[in-house]
Protein chains: 2
Amino acid sequence: MSLKHAALGLLSRGPASGYDLLQTFHGSLASVWPATQSQLYGELGKLAEAKLVEVVSEGARGRKEYALTPAGLAELRHWLTEVEPTTVRRSDMLLRVFFLNVVEPEDAQEFLRRRSEQSVTYHNELLSIQERISGEAGPLTEYGRLTLEWGLRYTTMQREWADWALDQLAAKPQTETETETQAETETQVATRA
Amino acid sequence: MSLKHAALGLLSRGPASGYDLLQTFHGSLASVWPATQSQLYGELGKLAEAKLVEVVSEGARGRKEYALTPAGLAELRHWLTEVEPTTVRRSDMLLRVFFLNVVEPEDAQEFLRRRSEQSVTYHNELLSIQERISGEAGPLTEYGRLTLEWGLRYTTMQREWADWALDQLAAKPQTETETETQAETETQVATRA
DNA sequence: ACAGGCATGTAAGTTGTTACATGATTAT
DNA sequence: ATAATCATGTAACAACTTACATGCCTGT
């Protein structure tokens, strides 16, 4: 249900068209709540029908400018303060870690090394974004800075974790690849169930 | 596409029924890649049709035991080593932070305080899980421990971030709520675009 | 007898992705 | 002219959620 609230949130900053909002979804919201064009136009239609937003003007090329209605603002505030954020987060990265015993130890190490490198890369990208917006003031970017800091801390954490995990693997190097012998694997599962 | 690989991964530990796998999805995989019963049975059907798994025995109450085929193991290894994990992660928590200027500063603070508390709670849950499995040996849980450590570091990071963010808000306490005056908000957006 | 756990399946609805399709306006 | 950008819409499909539906087996 959050694309809805992302759209309401962006419109709380002032009227905008679907096309305008899309730039933001591909820009500053890209790593928080990305959306496709197809999805957004559909959602704006539903929001208009529900009277949470309304078309305030129609411009060239069929451009429709939407604005938040009082009901929309109320819904946004309700969501912000009274609806608990989701806690569970799917991660296909961690899912892979779960099954890393299926591949050769060298491949597992390679996997973790790439996670470490990738975290550094992404961290640096965030740093350059931070540098770019450091000059811009304004209370609207105020809270945006908090999400950026979250990203910086997240990528740092992940790099440290990946490096730590590599150490762990190095500490016990003689664990041979599992599932080489299916029979043995089965009994191990039995004891865990 | 990852429910597929989660199922293949679990079956790499030995044959199991849909019901068996479901316990794991609700248990140790619950915070990494949860799945519902409905979804899982459907997926197992598809995997069987694609010859990545096969029914190896049928037991009481219509129980069907599935096992990984060689093709299934190959697909699992391919996914583990050659397919890049997804980097973007939707977070309705961070999405809320983005729009926190819409509510009163006290509500924003309350929001962050709850994130801090929740991180502590979840961290402690992970600690008790860690304590519970600390006795159990076996290379199968080896990599599972890495995901647990990730969770511990993640919850620590989030608590520290939330506390830091609260400090930031305290540092500049006189920022009044935005969107009180729509007109003003609009001009601010214009300068950002 | 009956409660609780075992075991599977289907249907309806929402959300999200990719691709197709169309056309207007602006700047070079 | 024509390329880039502006601007919206639709169709098909995949992934996920909630609810409905059924029935068997085991222990008390």
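Protein chains get the first letters and strands the later ones, always in sequence-line order, with residue 1 at the start of each.
For B:Glu49, the CD atom is loosely surrounded, since the number of other residues' heavy atoms within 6.0 Å does not exceed 12.
Between the CG atom of A:Leu47 and the P atom of C:dT15 there is a distance of 11 Å, rounded to whole Å. The separation between B:Phe25 atom CZ and C:dT8 atom C1' is 16 Å, rounded to whole Å. Atom CD of A:Glu58 is separated from atom P of C:dT25 by 14 Å (rounded to the nearest Å).
Comparing the helix axis at one end of the helix from C:dA1-D:dT28 to C:dT28-D:dA1 with that at the other, each defined from 5 consecutive pairs, gives an inter-axis angle of 10° (nearest 10°).
Under the side-chain contact (heavy atoms from CB on, under 4.5 Å) criterion, A:Ser38 pairs with A:Thr36, sequence neighbours left out. B:Tyr154 is linked by a side-chain contact (heavy atoms from CB on, under 4.5 Å) to A:Arg89, A:Trp150, A:Tyr154, A:Met157, B:Trp150, B:Gln158, counting only residues two or more places apart in sequence or in another chain. Looking at residues two or more places apart in sequence or on another chain, you find no salt bridge (charged side-chain N to carboxylate O under 4.0 Å, His left out) involving B:Glu131. Judged as a side chain to side chain donor-acceptor pair (under 3.5 Å), and not counting sequence neighbours, B:Ser119 has no contacts. Every residue meeting the side-chain contact (heavy atoms from CB on, under 4.5 Å) condition with B:Gln23, not counting sequence neighbours, appears here in chain and number order: B:Tyr19. Checked against side-chain contact (heavy atoms from CB on, under 4.5 Å), A:Glu43 has the following partners two or more places apart in sequence or in another chain: A:Leu3, A:Lys4, A:Lys46, A:Leu47.
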When you check every protein heavy atom under 4.0 Å of nucleotides 7-18 of chain D, what one-letter string (B, S, -) results, 5' to 3'? BBBBB---SSBB
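A ring-ring contact (aromatic ring centres under 6.0 Å, His included) check over residues 34-88 of chain B, counting only residues at least two apart or in different chains, returns the pairs B:His5-B:Trp79. Listed by first and then second residue, the salt bridge (charged side-chain N to carboxylate O under 4.0 Å, His left out) pairs involving residues 148-159 of chain B are B:Glu149-B:Arg153, B:Arg159-B:Asp163 (not counting sequence neighbours).
Contacts of residues 78-87 of chain B with DNA chain C (heavy atom under 4.0 Å): none.
Through side-chain heavy atoms spaced under 4.5 Å, either directly or across other Ile, Leu, Val, Met, Phe, Trp or Tyr residues, B:Val56 is tied to no other residue.
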